[in-house]
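First up is the structure itself, then whatever we jot down about it.
Computed from a prediction, not measured in an experiment: that's the story for all the values here.
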Amino acid sequence: MYIGVDCGTQSTKVVVVDVERGMILSEASRPHRLEEGENGRREQAPAEWLAALKGAFFAALDKAGVSASEVRGIGVSGQQHGMVALDADGAPVYPAKLWCDTETSAQNAQLVARLGGEAGCLEKLGLVLQTGYTASKVAWLREHHPDAYHRIESLLLPHDYLNFWLTGERVTEAGDASGTGYFDTRKRCWQLQVFEEIAPELDPARVLPRLLEAHEPVGVVRQVVARELGLGDQVVVSSGGGDNMLGAIGTGNITPGLITLSLGTSGTVCAYSATPVECDNAMVANFCSSTGGWLPLICTMNVTSATTRVRELFGLDLAAFGEKVASAPIGAEGVTVLPFFNGERVPMLPNASADFLGLTSLNTTQANLCRAVVEGATFGLRYGLELLGDLTAGASQIRLIGGGANSPVWRQMVADITGTQVICPEITDAAALGAAIQAAWCDQRAEGVTLEYLCEKLVHLDAQSLADPHPDRVAAYQPIYTRYCAALEQRHGGA
């Protein structure tokens, strides 16, 4: 029995997996509060994650009808980029600043300039610093809260923090570390020259976590936590990883030829590569995978976060919102939405706001506005998909995850807008499943069990979710997508 944990922006999810029978026994989740403020501030208290993990853990075991004493291993997935800065006692010196926090855009711009612009970033890191990454958060804390900054003894990511709580070990792995902004994604090591530029007073040997290989366990659950959760004495905790990396595992995206696309609060598109991807485009992140390879990725910041704002504006539940989207024609009768409510990362527009364009007295209807915001979020993902070039051009299938993937209308829209077959895994949280699979891999690798075997056994696809692109609709979307790109160019000068 293995447990997978996914600590996201809105909630922490837990799945219980029986590897021997190839079954996902149960899943449960508990919500988090998101603290939002002026200038794009978005923060959370790490204590919220611990409370949600415990609540979801007990609920999932209860649903599965199994005892915690049967668990052999735990894997943790976490929202990427979040800054969890701890003092000497392991307590946060400041709330965790999240991936979607854009308050640090000025610090990011300054860091990019000091590193030699985009070319300098690519040379030193294999990617270009983005506002969402951890680096600018550390620089922001140094500038705005120097007392807290000077108390830092450890700089962890959200999944690292949960592993620290479970085991007492301060470690990380290459996949999640890739999004810090002070990690060389090609050589898979800390970039100490860049870290000194960000935090000259901090000793990297002291504050940066030790790096593990993806297949290495962090250790075992410490006794005090094992007693609290009802676990045995030797429960293994795997290296874990960022939610995108573990989501790729949970969709079976561990070899070339597949695309994982997430319709979550944010949107991501990624594809596996056995070698680092040399890309001169700042919007493509040459991240490492949590399997020993690489996972080039693009991330958009406004997907279900954008559609939820419009849905709630009209007081619609999910079913009614889906009906409105389905009732409007392709192109929403000329309405175009650039849904950048939270700023945007792809295109690189951290200070952008949302635009509703093409509105007339005839087309301003609930149905058109609902459809246009879903189309706009999906066009942003197609924009990102095209940036990945040859890596995704010949892909046979998109594995769709995230809350938006539950919508048949949206699944078909993704297939038609990308011209690619779409299917969903049976489990609703692929990152939590990926974490459980990685836990089993770390625990059983010495016995010859491979990651490929575990994915084949546990990643079950939902045949009823299959959506093939329809040639007429694919053709109909081409001019609508062109209209979106023209609107983007006109309002924001492209990217």
Side-chain angles (χ1 to χ4, degrees), residues 3-17 24-36 42-64 74-84 92 95-101 132 157-163 165-166 176 229 240-247 249-251 260 262-268 299 301-309 311-312 317-318 321 341-342 400-407 424-436 439:
I3 297 289
V5 177
D6 177 36
C7 176
T9 313
Q10 298 176 324
S11 64
T12 290
K13 285 80 68 179
V14 170
V15 300
V16 182
V17 171
I24 299 149
L25 300 182
S26 68
E27 51 186 310
S29 68
R30 290 293 183 271
H32 307 148
R33 287 176 299 173
L34 175 64
E35 302 294 337
E36 297 187 83
R42 293 177 183 88
E43 300 169 350
Q44 278 176 333
E48 292 250 336
W49 305 338
L50 298 182
L53 189 160
K54 294 172 196 176
F57 175 84
F58 290 122
L61 286 175
D62 186 56
K63 280 186 186 178
I74 299 174
V76 177
S77 156
Q79 51 182 307
Q80 288 196 257
H81 313 317
M83 177 189 69
V84 188
K97 286 188 91 62
L98 305 186
W99 62 273
C100 51
D101 182 290
L157 295 161
H159 113 263
D160 302 333
Y161 176 75
L162 294 180
N163 278 349
W165 176 74
L166 286 166
D176 211 4
L229 298 180
D243 52 1
N244 294 303
M245 292 76 197
L246 277 299
I249 296 174
T251 59
T260 299
S262 173
L263 300 176
T265 306
S266 63
T268 56
C299 177
M301 294 182 71
N302 299 273
V303 183
T304 62
S305 59
T307 62
T308 297
R309 288 184 188 275
R311 179 175 65 79
E312 292 180 347
D317 61 20
L318 284 168
F321 180 76
F341 293 98
N342 294 327
L400 202 63
I401 60 175
N406 294 320
S407 165
C424 299
E426 285 184 358
I427 191 168
T428 57
D429 195 284
L433 174 59

Let me confirm one number: the CD-CG distance from Glu36 to Leu98, rounded to the nearest 0.5 Å.
9.5 Å
Rounded to the nearest 0.5 Å, what's the gap from CG on Asn302 to CG on Asn342? Could you check?
4.5 Å
Here the gap from Thr12 atom OG1 to Leu162 atom CG, rounded to the nearest 0.5 Å, amounts to 6.5 Å
In terms of heavy-atom contacts, Ser262 and Gly402 come closest through OG-CA, 4.3 Å
When you compare the side chain of Glu312 with that of Thr308, does any pair of heavy atoms fall below 4.5 Å?
yes
Residues passing the salt bridge (Lys or Arg N to Asp or Glu O under 4.0 Å) test with Arg309, sequence neighbours excluded, are none
Do the side chains of Trp165 and Val76 get nearer than 4.5 Å, heavy atoms only?
no
Closest contact, heavy atoms only, Ser29 versus Ser11:
CB-OG, 4.4 Å
I'd like to check Asp160 versus Val84 (side-chain heavy atoms, cut-off strictly below 4.5 Å). Are they in contact?
no
I'd like to know if Glu48 and Arg33 make a salt bridge, using a cut-off of under 4.0 Å between side-chain N and carboxylate O.
yes
Evaluate the side-chain proximity of Val5 to Phe57: yes if any heavy-atom separation is below 4.5 Å, no if none is.
no
Side-chain touch Ile24/Glu426, heavy atoms, less than 4.5 angstrom:
no
For Asp6 and Ser77, which heavy atoms make the closest approach, and how far apart are they?
OD1-OG, 2.8 Å
Can you name the closest pair of heavy atoms from Asp176 and Leu157 and give their distance?
O-CD1, 3.4 Å
Once you round to the nearest 0.5 Å, how far does CZ of Phe58 lie from CZ of Arg30?
11.0 Å
Is there a donor in the side chain of Thr260 and an acceptor in the side chain of Thr251, or the other way round, less than 3.5 Å apart?
yes
When rounded to the nearest 0.5 Å, the distance separating CD of Gln79 from SG of Cys100 is 7.0 Å
Below 30° counts as parallel, above 60° as perpendicular, anything between as tilted: where do the rings of His32 and Trp49 land?
tilted
Backbone N or O of Cys299 within a donor-acceptor pair of the Thr268 side chain at under 3.5 Å?
no
Closest contact, heavy atoms only, Ala60 versus Ala28:
N-CB, 3.6 Å
What pair of heavy atoms forms the shortest contact from Ile3 to Leu61, and how long is it?
CD1-CD2, 4.2 Å
Within the structure provided, determine whether Gln10 and Leu34 are in side-chain contact (heavy-atom separation under 4.5 Å).
no
Would you find a donor on one side and an acceptor on the other, under 3.5 Å apart, between the side chain of Gln44 and the backbone of Thr9?
yes
Atom CG of Asn244 and atom CD1 of Ile401: how far apart are they, to the nearest 0.5 Å?
7.5 Å
